[in-house]
Amino acid sequence: MNYDFQKIEKKWQEYWAKNETFKAQNNSEKPKYYTLSMFPYPSGAGLHVGHPLGYIAGDIYARYKRHKGFNVLHPMGYDSFGLPAEQYAIQTGQHPAITTETNINRYREQLDRIGFSFDWSREVRTSNPEYYKWTQWIFIQLFNSWYDVGADKAKPISELVAVFEKEGNETVNAVCDEDVSSFTAAEWKALDKAAQERILLKYRLTYLADAEVNWCPALGTVLANDEIVNGVSERGGHEVVRKKMTQWMMRITAYAQRLLDGLDKIDWPQPLKDSQTNWIGRSEGASVTFKVKDYEANIEVFTTRPDTIFGVSFMTLAPEHPLVAEITTPDQKAEIEAYVEATAKRSERDRMADVKTISGAFTGAYAEHPFTKEPIPIWIGDYVLASYGTGAVMAVPCGDQRDYDFAKHFNIAIPNIFDGVDISEEAFADKANTVIANSDFLNGLSYKEATQKAIAELEAIGQGKGKINYRLRDAVFSRQRYWGEPFPVYYDANGLPQMIAEEYLPIALPEVEKYLPTETGEPPLGNATTWAWDTANARVVANDAIDGKTIFALELNTMPGWAGSSQYFNRYMDPRNTETIYGKEAVDYWKEVDLYIGGSEHATGHLLYARFWQKFLFDRGFVPVDEFAKKLINQGMITGTSAFVYKDEESNTIYSKNLVGDKKVNPIHADVSLVNASDELDVEGFKSWRPEFKDAEFILEEGAYIVGREVEKMSKSKYNVVNPDAICEEYGADSLRLYEMFLGPLEQSKPWNTAGITGVHGFLKKLWKLYTPFMEGEVAEVAPSKENLKTLHKTIKKVEEDIENFSFNTSVSTFMICVNELTAQKCQSKEILSPLAVLVSPYAPHIAEELWQVLGNTTSIAEAAFPVFEEKYLVESSKEYPISFNGKLRFKLELPLDMSKEEIEKVVMEHDRTQDYLQGRTPKKVIVVPGKIVNIVG
RNA sequence: GCUCGGAUGGUGGAAUUGGUAGACACGUUGGACUUAAAAUCCAAUGACCAUUGCGGUCGUGCGGGUUCAAGUCCCGCUCCGAGUACCA
């Protein structure tokens, strides 16, 4: 009987679906285990072999945990809002929902073929109204919350209002906008409703603000910082400019410290934690207030080096700093204005690309040094960023290279305040070796001592205090796009945002004629004609009904891509709940994701925002834990192995790789499916694939055309994409699963080369062969031999260790060794073959199910317990000792393991070969490590 | 520039606390089976030298060091990859 993988795989995929084998229950006697793979954006291109890598690893772990007696939750869904479907809609007029549906169906087919143990009954799609209802719901909760710094948690806004009514805002310590002024209870009560609303907006965890945003004209939307790579949009690589717009913002900065602290509690890869740490960018220092001379204004700066305060010789403001226009003297006005205008014109990208050119302008104004009272010239320069700290720095040229360069360029004094340091060539920024000089009360102190002293003195004169600053900014939450979650928001007669009551959610995405911005520059939802909120009847009505009394305009922006993905892992716990976001029982039972697998590219996007929302939901009592994923693993990328043919530049001749020599040739990508395992090209296939080369002359070597190979990113344009369907067709899903694991360590990036798959496919055939006696009829009960048991238990031990360590590649090798050994032993014992099938089943579930059935079982192997390793089968009585001389292995000697050190030395020294090597010399030393090695020195 | 990874045969990669480097596969070569091919099976396969057999020298990016013993530990470099970037 042949190994008919097509038939077997289809059979068991149908069985699992029909019997709902992997459906998870929200309560069980068993311990719970929640393993999750990051859900995909269903793109039009479908899956290539790189995509399922993490899913396969997660699936192996899920199946393993099931065998180990856990109640396993292993769901899958789709992050189905996003730009590509919308771009396609703009080009073709096709509704993104239709494109998305088609793509999802294609994904589902591809996923089903690979034999995943997903609980599809829990599938979520972020673009489904039943799902985004709850994304909108969370937005409302954020709107109705503020951050209490004292309690270090988010609280309902109603509690804040209660405080305002009782004692005003003086006692309130909240994370809020910087421009809140203080008021008493009486003053608060005297305000009208709209004025109160305006104040509350400054406290809410999501709020409207006029923000400098990254505007991408080509995409017609703003982008978050993490959506910009190298100054251009991550998607499409379009130009990004700065623009001021009213946007919904998320007060993630309230959580900066907790997001940082939480990293210590979770088992995530260090590089990922590092990039979150850098992104949050905590720095300790002081805020210092400088008075502007002859002017009623102060300049606040943040510095990490308050110890160098006596080294300040100028100040630099960002060109966008609000004080610039005010303090500039008439003489300098023209110059400053020209400079401000010039920098505004430069795109962020230009400014970044060109960090070497030093530019700036003098405002004509002076600040006053807090201690010496000396005048300090105030400059502006684009090396100071408006978005970091206060947008102003106290420049200490002797201690900071940027300040140093600026000072040199503009001929500003560079006072030296370091003891015994030469600063004629460059600034001195070494904190550890700092000794302060020429600094009044700080003289002779180290960095640490001087910092403390300086802060204390600044506090004493009321011009500064210790401060912790974060690089993390509040996140822009509005997108000027169609295909995203609509906000559950309308704008009342005062133009103030109002939340729609929870009971009327979801607010469904309206239909539009065109997916482009409107002629007046409004977002695509501006094209909707039925997009107004009727407060009296609580429903969406036509725009022409807007009367400013009971019917109002709805929000035109939509939410960003990360909104839906910041809560899906919780929703899987209770995905069909229509009453609440998830039942308390469900979320108390599953608590958090035990194992999360996904790409490292989400380090500062999805994974940071999701942690933020989780902490918020925790504060407000909606979830029981404040970190959503205990352990996280990044799967590496699978790269493609591109193939090249070499066409002569002059003629229509194409040379085989090793005949190119010094000839001038153009490498041309050949489709990898036209190349065999020996790098030989199917020339006829190539000619019909690229008809422009049908008359080309192919110069072969030894009768074949050999292509060049190069590892590149897997992409359509490089013709190196390998489709998992094709692999399933030719070798089967079990081979695909095994091979993806066999390629190398999960976390590492590695090239795909289809040629190697014959190895694992051959292994499955050999495995199948071991069981063939049971397919052909009755097999007499055979007791396992000692070798059989040793092979089996060795395998159990290794495979179990490997799975626990996520070292899936080595367990595939272990299976191969096991099957090779059992084949050599002619093993026919059910006591060996039964547990072996279970061991293999997480990796190659289809064949395992089939073999399990062949052995006479009538239930799914998924229910079988994982075999238990027993040490006793591995106990050896002897060991083949390597005998080395001066660390070099010379021969091996089989000796009993219970032999003492002395006895071993005696036997080895008396051995003929030892005497041969020593040639009469007496060794200086003999190292004997029982059970390991013997080394003779001398 | 900074931070974090990594470098082992022709290829992907093994090697637990320092203890037999190259497991397991791919590829290659030779052989068996076959009219032939495919499939399957067997053998060899780090490099170099020797070969009648035994064997020997070198070898984990480079240069040092610790040790009886180093892919593994320490110091100094080179190259490659990822992230980040005027963060005061």
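Lettering of chains follows the sequences in order, A, B, ..., and the numbering in each one begins at 1.
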Which is true for A:T277 with a 4.0 Å heavy-atom rule: it touches a base, it touches only sugar-phosphate, or it touches nothing? nothing
For A:D400, answer base if it contacts any base atom (sugar-phosphate contacts may also be present), sugar-phosphate if it contacts only those atoms, and nothing otherwise; contact means non-hydrogen atoms under 4.0 Å. nothing
Among B:C26, B:G13, B:A25, the nucleotide that comes nearest once only the side chain of A:T758 is considered: B:C26
Contact class for A:N820 vs. all strands (heavy atom < 4.0 Å): base, sugar-phosphate, or nothing? sugar-phosphate
Should we count CD of A:E894 as having more than 12 external heavy atoms under 6.0 Å? yes
Candidates B:C41, B:A88, B:U20 - which lies nearest the side chain of A:L889: B:U20
Which one, B:U17, B:G12, B:C86, comes nearest to the side chain of A:L385? B:C86
Classify the nucleic acid contact of A:K925 as base, sugar-phosphate or nothing, counting any heavy atom under 4.0 Å across all strands shown. sugar-phosphate
Taking any heavy-atom pair under 4.0 Å as a contact, classify A:R890: base, sugar-phosphate, or nothing. sugar-phosphate
Quick one: look up who B:C77 pairs with, Watson-Crick or G-U, both distances under 3.5 Å, and put none if it's unpaired. B:G61
Looking only at the side chains, is there a donor atom on one of A:T641 and A:N753 sitting less than 3.5 Å from an acceptor on the other? no
Using a 4.0 Å heavy-atom cut-off, does A:K924 contact any base of the nucleic acid, only the sugar-phosphate backbone, or nothing at all? nothing
At under 4.0 Å between heavy atoms, what does A:V929 touch on the DNA or RNA strands: base, sugar-phosphate, or nothing? base
Donor on one side chain, acceptor on other, A:E821 and A:T791, under 3.5 Å: yes
For A:N809 and B:A14, is the shortest distance between a side-chain N/O and OP1 or OP2 below 4.0 Å? yes
Any side-chain N or O of A:Q748 below 4.0 angstrom from OP1/OP2 of B:G13? yes
Just name whichever nucleotide pairs with B:A15, Watson-Crick or G-U, keeping both distances under 3.5 Å, else none. none
Return yes if a side-chain donor-acceptor contact under 3.5 Å exists between A:Y339 and A:S359, otherwise no. yes
If the plane angle is over 60° it's perpendicular, under 30° parallel, otherwise tilted; pick one for A:F410 and A:F406. tilted
Round to a whole Å and report the spacing from CD1 of A:I378 to P of B:A88. 22 Å
OP1 or OP2 of B:A85 less than 4.0 angstrom from a side-chain nitrogen or oxygen of A:R471, does that happen here? yes
Give me the atom names and distance for the closest heavy-atom approach of A:K892 to A:L889. CE-CD2, 4.2 Å
Using purine N1 to pyrimidine N3 plus N6-O4 or O6-N4 for Watson-Crick, or N1-O2 and O6-N3 for G-U wobble, each under 3.5 Å, what pairs with B:A69? none
Counting just side-chain N and O atoms, does A:K888 come under 4.0 Å of either OP1 or OP2 of B:A69? no
Nucleotide B:G5, atom P - distance to CG of A:L746 in whole Å: 18 Å
Please confirm whether the shortest side-chain N or O distance from A:S283 to OP1 or OP2 of B:A88 is below 4.0 Å. yes
Does a side-chain N or O of A:R913 approach OP1 or OP2 of B:C54 to a distance below 4.0 Å, or not? no
Paired nucleotide for B:G10 [Watson-Crick or G-U wobble; both distances under 3.5 Å]: B:C26
Gap between atoms CG and P, on A:D274 and B:U3 respectively (whole Å): 11 Å
Strand partner of B:G83, provided both Watson-Crick or wobble distances fall under 3.5 Å: B:C2
